[in-house]
Amino acid sequence: MLNVVVLVSGGGTNLQAVIDGVESGAVTNTRIAGVISNNAGAYALERARKHGIASKCVSPKMFASREEFNEKLTEAVGEMEPDLIVLAGFLVVIPPIMTAKYQNRIINIHPSLIPAFCGKGYYGLKVHEAALSRGVKVAGATVHFVDDGTDTGPIILQKAVDVEDGDTPEALQRRVMEQAEWKILPRAIDLIANGKVSVTDGRTEIRK
Ligand code: GAR
């Protein structure tokens, strides 16, 4: 059984997709051990509570320095004994102590087809604003392992989504979530839980 800890910052629709996947049996061999948010007001925490999943807030505001926050976050994650850490809209940079401790055991969902519109400053709605202002015709989402860079780790799954005439960033964000994110994040967890993903030289191999 893969013990999963989900890190969140906001609405938690991706967390919900993972919970639904586990509850429906679409995601197998997986248990959600806990949810941690950096934001006490995140609706994602409410979603966890509704499903009887342990949840906790660890906010930078609770500590005097970033170093202390990084330590406490790593400690809180460690207490839940994860086999896999899932960043589901977690908008905090993962500290190097954590990436070192959990090499190829942290995954992230990003709302673009990496390497487009990713890296520092590209998160949430900003990604879709940038895609629309560049005039792309195809958007999408990526699940990847997390390394020390921003959105640079090995890619696990990607799914493309059409941009439509008259799209607003909000409309495109919603379509990318519905058609890509909520599908590939649970699917990636299921693949990992069933030993189907390996990493060699910065690239993944997926056995289906
Ligand atoms: C999602 O679109 C996710 O891809 C994005 O934040 C949103 C969180 O929504 N993550 C990033 O931009 C990470 N760079 P949610 O809280 O409803 O899952």
Side-chain angles (χ1 to χ4, degrees), residues 4-23 27 32 34-51 53 55-59 73 84-95 98-99 106-134 136 138-163 167-189:
V4 172
V5 170
V6 186
L7 271 50
V8 296
S9 296
T13 64
N14 279 286
L15 166 67
Q16 190 67 54
V18 175
I19 294 172
D20 292 347
V22 171
E23 289 185 353
V27 177
I32 305 176
V35 171
I36 297 175
S37 174
N38 64 311
N39 165 15
Y43 185 66
L45 287 172
E46 188 56 34
R47 293 181 193 269
R49 274 182 223 116
K50 280 187 183 160
H51 289 265
I53 300 166
S55 63
K56 186 168 187 174
C57 171
V58 183
S59 162
L73 178 66
L84 182 73
I85 299 165
V86 175
L87 311 184
F90 188 59
L91 303 180
V92 169
V93 176
I94 297 300
M98 209 190 282
T99 49
I106 308 176
I107 64 171
N108 178 48
I109 177 83
H110 182 77
S112 77
L113 294 172
I114 289 174
F117 310 111
C118 65
K120 208 163 175 281
Y122 286 103
Y123 58 89
L125 212 52
K126 288 180 192 293
V127 174
H128 305 290
E129 286 165 359
L132 289 178
S133 72
R134 182 62 183 83
V136 299
V138 177
T142 303
V143 181
H144 63 92
F145 284 110
V146 173
D147 62 11
D148 275 338
T150 305
D151 304 326
T152 51
I155 290 170
I156 304 166
L157 292 176
Q158 294 188 297
K159 192 164 190 297
V161 173
D162 283 341
V163 175
D167 260 348
T168 59
E170 289 80 4
L172 180 58
Q173 179 181 51
R174 183 76 194 176
R175 190 174 321 109
V176 167
M177 284 177 157
E178 284 175 357
Q179 295 184 7
E181 297 185 43
W182 301 343
K183 293 187 159 77
I184 63 175
L185 184 59
R187 175 91 184 116
I189 296 169

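Counting convention: from 1, in listed order, for ligands and their atoms alike. For the numbers below, each heavy atom of this structure counts, side chains included, while hydrogens, waters and symmetry mates do not.
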Note the single closest protein heavy atom to atom 17 (O) of ligand 1, along with its residue, its atom name and the distance in Å.
-> Thr13 OG1, 2.6 Å
Nearest protein heavy atom with distance in Å, relative to atom 9 (O) of ligand 1 | Met177 CE, 3.4 Å
Of the protein's non-hydrogen atoms, which lies at the shortest distance from atom 8 (C) of ligand 1, and what is that distance?
-> Gly89 CA, 3.6 Å
Under 3.5 Å, is there a donor-acceptor pair linking the side chains of His110 and Glu181?
-> no
Any Lys/Arg nitrogen of Glu170 or Arg174 sitting under 4.0 Å from an Asp/Glu carboxylate oxygen of the other?
-> no
Please assess Ile94 against Leu7 for the test side chain to side chain contact (heavy atoms under 4.5 Å, CB included), listing each intermediate value before the final yes or no.
-> CA-CA 10 Å; Ile94 297 300; Leu7 271 50; 4.3 Å; yes
Lys126/Glu129 ion pair, N-O < 4.0 Å = no
Who's the nearest protein heavy-atom neighbour of atom 12 (O) of ligand 1, and how far?
-> Gly124 N, 2.8 Å
Looking at Pro111, which atoms of ligand 1 are within less than 4.0 Å of one of its heavy atoms?
-> 4 (O), 5 (C), 10 (N), 11 (C), 12 (O)
So which protein heavy atom does atom 14 (N) of ligand 1 come closest to, and at what separation?
-> His110 ND1, 3.3 Å
Tell me yes or no: between the side chains of Ser9 and Asn39, is some donor less than 3.5 Å from an acceptor?
-> no
For atom 4 (O) of ligand 1, the closest protein heavy atom turns out to be Glu181 OE1, 2.7 Å
May I ask you to check whether Val127 has an N/O atom sitting below 3.5 Å from an N/O atom of ligand 1?
-> no
Atom 16 (O) of ligand 1 - nearest protein heavy atom and its distance = Gly12 N, 2.7 Å
Measure across Val176 and Gly140 and return the closest heavy-atom pair with its distance rounded to 0.1 Å.
-> CG1-O, 3.4 Å
Would you say Asn14 and ligand 1 have an N/O pair spaced under 3.5 Å apart?
-> yes
Under 4.0 Å to a heavy atom of Tyr122 - the qualifying atoms of ligand 1, by number = 14 (N)
Do we see a donor-acceptor contact under 3.5 Å between the side chains of Asn38 and Ser59?
-> no
the protein heavy atom lying closest to atom 10 (N) of ligand 1 turns out to be Ile109 O, 3.7 Å
What is the minimum heavy-atom distance between Thr142 and Ser112, and which atoms define it?
-> OG1-O, 2.7 Å
